[in-house]
There are 2 protein chains.
Amino acid sequence: MSHDHAACMAPSLKAAENLGAKLTPLRRRVLEIVLAGHTPMGAYDVLATLARDGGKPAPPTVYRALDFLQAQGLVHRIDSRNAFVACFAPERSHQSRFFLCRACGRASEIEDAALDAALAAAAKRAGLTVERETIEITGVCAECASSHGPAA
Amino acid sequence: MSHDHAACMAPSLKAAENLGAKLTPLRRRVLEIVLAGHTPMGAYDVLATLARDGGKPAPPTVYRALDFLQAQGLVHRIDSRNAFVACFAPERSHQSRFFLCRACGRASEIEDAALDAALAAAAKRAGLTVERETIEITGVCAECASSHGPAA
DNA sequence: ATTTGAATTGTTATAACATAACGAGACGTG
DNA sequence: CACGTCTCGTTATGTTATAACAATTCAAAT
Ligand SMILES: [Zn+2]
Ligand SMILES: [Zn+2]
Ligand SMILES: [Zn+2]
Ligand SMILES: [Zn+2]
């Protein structure tokens, strides 16, 4: 697979800049690390990457940055993997809904109006006031299914 | 809230019995513990309850039993809480889909044909072969919303 | 009955994930 | 400068989960 990842990251970085002064160098660095792939990363993986920059960060440093980025909608947490993935469309606020490929590891956000409607209707029927969603559909993506491995 | 919890548990216990010889006393006991409430329980909570029976169980004991029960469809894991909840309709195999109330803690399974269809359509559109689902909608249930606390 | 092998459970240790608590520095405001 | 707030560093600990191996059980097969 070849895609212009720099272009792919651009909206997120731009959205991050537009937040204002709160995007500190540390937070920006953590965002870059998570943004570098389309694969969910563990907090300790982020920590290890950060450590290669020279400092000796401790877990709270990373968790605090990730909490901030989540609150800003720049990063989503993948509960089924204890991992974090960058949002590639942060300009529009949305819930966390993902397809996850267990073969190549890629996470792609679900954007589906019919699903939105079905979820809203189900919640309404149950009388639930929705606050958070964890929607993670795991399987094998089309590319992995057809090639017995991640797409080239 | 008053409901006949014994009757409520019956289908699960019956389904468990019908598995055959594989439901050992330990597994059955763990199922009973999880089945005792409609609230997700942590593995270490199960462990502590089990310990009150007299033995000195270690974590693997509980995790193995929970893995077995999950594989049999008798228990679901709630990824967003690192917890486990009994399935109250194990006779029909299904994915893990829940409404979770953050106020009273109750977990209730979503049964909604329109949602089923929307999920299937979204996966098909994305070319994903679905293997597992983590669908956890957290909010405040109708009872908690109306009473500023769990229903009586 | 004895052997044998698979499944289950016990036990010890450790890995992986996450947060509490406190202090030091940065930074703008009055 | 004095103040409060926010950010980040640091130490320690809490919480969740698994690896690895030993002991036990139990039911076939000989
Ligand atoms: Zn997103
Ligand atoms: Zn894939
Ligand atoms: Zn169920
Ligand atoms: Zn409630």
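Hydrogens, waters and symmetry mates play no part in the numbers below; they use all other heavy atoms, side chains included. Below, chain A is the first sequence line, B the second, and so on; all start at residue 1.
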Worksheet item: Contact class for A:Thr24 vs. all strands (heavy atom < 4.0 Å): base, sugar-phosphate, or nothing?
Response: sugar-phosphate
Item to complete: Scan residues 66-82 of chain A for pairs that pass side-chain hydrogen bond (donor to acceptor under 3.5 Å, both in side chains), counting only residues two or more places apart or in two chains.
Response: A:His76-A:His94, A:His76-A:Glu109, A:Arg77-A:Asp79, A:Arg77-A:Asn82, A:Asp79-A:Thr134, A:Ser80-A:Glu136
Worksheet item: Along DNA chain C, 5' to 3', what are the outermost nucleotides having an atom less than 4.0 Å from a heavy atom of chain B?
Response: C:dT8 to C:dT12
Item to complete: Find the distance between CG (A:Leu128) and CD1 (B:Ile110) and round it off to the nearest 0.5 Å.
Response: 8.5 Å
Practice prompt. Check whether any side-chain heavy atom of B:His38 lies under 4.5 Å from a side-chain heavy atom of B:Cys8, and answer yes or no.
Written response: yes
Item to complete: Check A:Cys87 against A:Pro90 and note the closest heavy-atom contact, atom names and distance.
Response: SG-N, 3.6 Å
Worksheet item: How is A:Arg81 classified with respect to the nucleic acid when contacts are heavy atoms under 4.0 Å: base, sugar-phosphate, or nothing?
Response: nothing
Worksheet, complete the sentence: Of B:Lys22 and B:Tyr44, the one whose closest nucleotide on DNA chain C sits nearer the 5' end is B:Lys22
Worksheet item: If every non-hydrogen atom of B:Cys101 is compared with every non-hydrogen atom of B:Cys141, which pair is closest and at what distance?
Response: SG-N, 3.4 Å
Worksheet, complete the sentence: Members sharing A:Leu13's hydrophobic cluster, built from side-chain contacts under 4.5 Å between Ile, Leu, Val, Met, Phe, Trp and Tyr, are A:Met9, A:Leu19, A:Leu23, A:Leu26, A:Val30, A:Leu31, A:Ile33, A:Val34, A:Leu35, A:Met41, A:Tyr44, A:Val46, A:Leu47, A:Leu50, A:Val62, A:Tyr63, A:Leu66, A:Phe68, A:Leu69, A:Leu74, A:Val75, A:Phe84, A:Phe88
Item to complete: Please list residues of residues 48-59 of chain B whose heavy atoms come under 4.0 Å from any atom in DNA chain C, ordered by number; otherwise none.
Response: B:Ala58
Fill in: Backbone of B:Glu133 reached by a side-chain donor or acceptor of B:Gln95 within 3.5 Å
yes
Fill in: Length of the CG-C1' vector between B:Leu23 and D:dT25, whole Å
17 Å
Discussion item. Among residues 62-74 of chain A, which ones have heavy-atom contacts with DNA chain C below 4.0 Å?
Written reply: A:Tyr63, A:Arg64
Worksheet item: When Ile, Leu, Val, Met, Phe, Trp and Tyr are grouped by side-chain heavy atoms lying under 4.5 Å apart, directly or through other members, which residues fall in the same group as A:Val140?
Response: none
Worksheet item: What closest approach, in Å, do A:Gly105 and A:Pro40 show between heavy atoms, and which atom pair accounts for it?
Response: O-CD, 3.3 Å
Worksheet entry | Residue pair B:Leu119 / B:Val130, side-chain heavy-atom distance below 4.5 Å | no
